[in-house]
2 protein chains.
Amino acid sequence: MRQTKRDELVRKALDIFYRNGFHATGMDMLVAETGISKTSMYKHFRTKEELILAALRLRDENFRNWLFRRMDELGNTPREKLIAIFDALEEWFALREFRGCMFIKASAEYQDREHPIHSQSAEHKRLLLEHFKSICAQAGAAAPGDLARQILILKEGAIVMAVLGQGCDAARDAKLAAQTLLASALPGN
Amino acid sequence: MRQTKRDELVRKALDIFYRNGFHATGMDMLVAETGISKTSMYKHFRTKEELILAALRLRDENFRNWLFRRMDELGNTPREKLIAIFDALEEWFALREFRGCMFIKASAEYQDREHPIHSQSAEHKRLLLEHFKSICAQAGAAAPGDLARQILILKEGAIVMAVLGQGCDAARDAKLAAQTLLASALPGN
DNA sequence: CCGTAAATGTACCGATCTGTACTTTTTCGT
DNA sequence: ACGAAAAAGTACAGATCGGTACATTTACGG
């Protein structure tokens with residue numbers, strides 16, 4: 001139960017980085033918006049980068065928990081769970097606070113593949129892919145890895161178009177594409 | 001023929017912004033890397049933002065010219081041209097200097113939809129979509145708009161996974177998905 | 001209620017940020 | 001070769017950057 005303050009910092013910093021970007025958010029702004037003193041911040045995290053990494057870890061946990069739970073709630077069969085990815089995305093895109101994928105943005109600001117922030121973002125995508133792959137296997141796909149990667153591509157593309165598209169419903173488009181892919185890759189009707 | 005210097009500045013600035021990011025690239029770095037004096041820069045562009053917008057305009061022109069030309073060169077029929085998108089992507093991803101989509105990165109750093117840099121990035125995607133849609137129509141798609149948006153989603157997703165995926169060939173995965181979609185949406189075999 | 005750990009407030013460091021002022025040098029058409 | 005325009009050089013303003021020092025205040029378990 002200790003570390004409430006540290007958790008509060010990470011939670012609030014995550015919000016601010018998500019809304020404002022990483023380079024564009026200074027430590028002084030974090031002090032102003034979180035109400036937590038700079039001294040405390042640097043007691044918990046030695047550098048801004050460490051704070052960003054902690055925020056990304058929390059984001060990874062939150063996002064995967066949310067998506068996987070929503071897939072389970074919205075779909076009964078493995079096949080339905082895969083389609084439910086895009087229903088969940090639609091809910092997300094509709095939120096007022098939706099601002100795109102935090103990890104795409106992180107990798108855009110920290111481009112070097114060796115950079116911890118970049119590789120942690122890549123790890124998030126790897127974890128998503130792993131889960132998708134196991135569900136594709138449950139659904140009876142002949143090549144679960146291939147199918148999972150195609151679905152992940154649809155998911156990432158939908159997020160990009162939700163940010164940069166104008167008005168059109170990217171989740172719905174991606175869902176239609178996913179249904180076509182599943183109909184072609186999965187046995188049964 | 002005048003403005004060679006201005007064009008040189010935009011061209012070099014584009015490279016640096018692409019490699020280094022927008023906020024992470026200061027005007028002093030641009031001076032050092034381009035060899036062009038700060039005085040000249042601010043004579044041609046009143047602010048850094050104007051220079052970024054000029055660089056993005058050049059990027060949009062270069063990228064669309066390259067992709068549409070490559071689609072024409074690699075595909076004979078409209079259907080083949082659509083598939084060729086992903087062969088072109090594969091070439092791009094293999095380049096040593098590949099660093100993802102400049103417009104995804106721009107929208108990640110300038111998130112406000114009202115911001116000129118963001119809306120110019122969205123315009124780039126709109127122009128891609130328009131072209132894809134006209135080729136989908138030529139290919140005989142019943143709903144060319146729907147199909148074009150699905151293909152654009154695959155293209156954007158492939159770029160994201162080329163940046164954040166590990167080793168796997170995102171262009172090939174997206175191409176397989178596109179072939180499935182076209183087989184389902186287009187008349188003929 | 002006391003002692004200790006945690007958090008705060010304030011002031012600061014050197015570096016870097018975008019942008020400007022002003023002078024000198026280079027370029028280039030005529 | 002001359003004159004105007006363009007480019008460069010230098011120095012700087014004012015704000016903000018990430019990060020630190022240090023003294024003070026708050027919170028809390030025994």
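Residue numbers start from 1 in every chain, and the chains themselves are labelled A, B, ... in the order their sequence lines are given, proteins ahead of strands. Note that the structure is predicted; figures quoted are calculated from it, not measured. Note: hydrogens, waters and symmetry copies are ignored here, and every other heavy atom, side chains too, is used.
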I need the NE2-P distance between A:H23 and D:dT16, as an integer number of Å.
18 Å
Send over the distance from A:L51 CG to D:dG19 C1', rounded to a whole Å.
13 Å
What nucleotide among C:dT8, C:dT18, D:dC17 has an atom nearest to a side-chain atom of A:I36?
C:dT8
Quick one: does A:L128's side chain get under 4.5 Å of A:L67's, heavy atoms only?
yes
When A:Y42 and B:G35 are each assigned the nearest nucleotide of DNA chain D, the 5'-most assignment goes to B:G35
Are B:F86 and B:Q179 side-chain neighbours, meaning at least one heavy-atom pair lies under 4.5 Å?
no
Between A:K38 and A:K43, name the one whose nearest nucleotide on DNA chain C is closer to the 5' end.
A:K43
Can you identify which nucleotide, out of D:dC17, C:dA7, D:dA7, has its nearest atom closest to the A:S37 side chain?
C:dA7
Salt bridge (Lys or Arg N to Asp or Glu O under 4.0 Å) for B:K125 and B:E156? Distances and angles first, verdict last.
CA-CA 10 Å; B:K125 301 303 183 192; B:E156 301 304 333; 3.0 Å; yes
Rounding to an integer number of Å, can you tell me how far A:L30 CG sits from C:dA7 P?
16 Å
Parallel, tilted or perpendicular: which one describes the rings of A:H115 and A:Y110, with boundaries at 30° and 60°?
tilted
Among D:dG18, C:dT10, C:dC17, the one nearest A:T39 by side-chain distance:
C:dT10
Length of the CZ-P vector between B:R6 and D:dA7, whole Å
11 Å
Can you find a heavy atom in the side chain of B:F22 that is under 4.5 Å from one in the side chain of B:I117?
no
Give the rounded distance in Å between these two atoms: CD of A:E50 and P of D:dG19.
9 Å
B:M27 CE to C:dT20 P, straight-line distance once rounded to whole Å
10 Å
Side chain of A:S40 (C-beta onward), nearest among C:dG19, C:dA7, D:dA8
C:dA7
Of B:E49 and A:M41, the one whose nearest nucleotide on DNA chain C sits closer to the 5' end is A:M41
What integer distance in Å separates A:D28:CG from C:dT10:P?
14 Å
Tell me which nucleotide among C:dA7, D:dC17, D:dA8 gets nearest to the side chain of A:K5.
C:dA7
CE of A:M29 versus P of D:dC17: gap in Å, rounded?
7 Å
